[in-house]
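Written out below as structure tokens is the structure these notes cover.
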Amino acid sequence: MGLLILELGWWALLFLFFWILRDTRGRLAAEPDPVVDNETGTRSFPGAFQEPSALRQPIGTYLGTTIHRYAEFEGQTYQYDRVCPLEASASVSAEELYLAPGLVYRPMRTAHSLSC
């Protein structure tokens, strides 16, 4: 009886191990890290775009995607700056937001950060 419980425990641990491995592998594949250049402070996104939590004030279109004046990401507001296609080795500064299909947004300055 003791060997049966021990074997069932090992099977349960093996199942748990593969379950965690499957879950972690999917998350890592969905969120690739940007490549950061320490000298210039830029980062390149190898095939990955960020997803904003909100978009406001449409101002145009690019490749069938609406360009919005403002985007929110992780609690910060960004303003549209330029287009930088992924095919052209898109590089943006570490503080900028990069959205599909190659829209670059710069962080908005708050009234507090503008004061002396």
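Counting from 1, the numbers follow the sequence of the chain as shown. This is a predicted model, so every value here is computed, not measured.
If you chain together hydrophobic residues whose side chains sit under 4.5 Å apart, L8 and L13 never meet in one group.
No more than 12 heavy atoms of other residues, nucleotides or ligands lie within 6.0 Å of CG in L3, so this atom counts as exposed by the packing criterion.
For the pair Y80 (side chain) and P58 (backbone), a donor-acceptor distance under 3.5 Å is absent. Checking side-chain atoms of Y105 against main-chain N and O of H68 turns up a donor-acceptor pair under 3.5 Å.
The shortest non-hydrogen separation linking F73 to P52 is CD1-CA, 4.2 Å. Heavy-atom minimum distance, Q50 versus L99: O-CD2, 3.2 Å.
For the pair E72/R56, a side-chain contact is recorded, criterion being any heavy-atom separation below 4.5 Å from C-beta on. Using a 4.5 Å cut-off on side-chain heavy atoms (C-beta onward), L97 and V104 make no contact. At a threshold of 4.5 Å between non-hydrogen side-chain atoms, the residues I67 and L103 count as touching. Between Y70 and L55, the closest side-chain pair of non-hydrogen atoms is not below 4.5 Å. Taking the side chain as every heavy atom from C-beta outward, W10 and L14 never approach each other to under 4.5 Å.
Interatomic distance, CD of Q76 versus OG of S53, reported as 11.0 Å (0.5 Å rounding). In this structure, CD in E96 is found 8.5 Å from CZ in R106, a value given to the nearest 0.5 Å. Atom-to-atom distance recorded for E95:CD and Y78:OH is 8.5 Å, nearest 0.5 angstrom.
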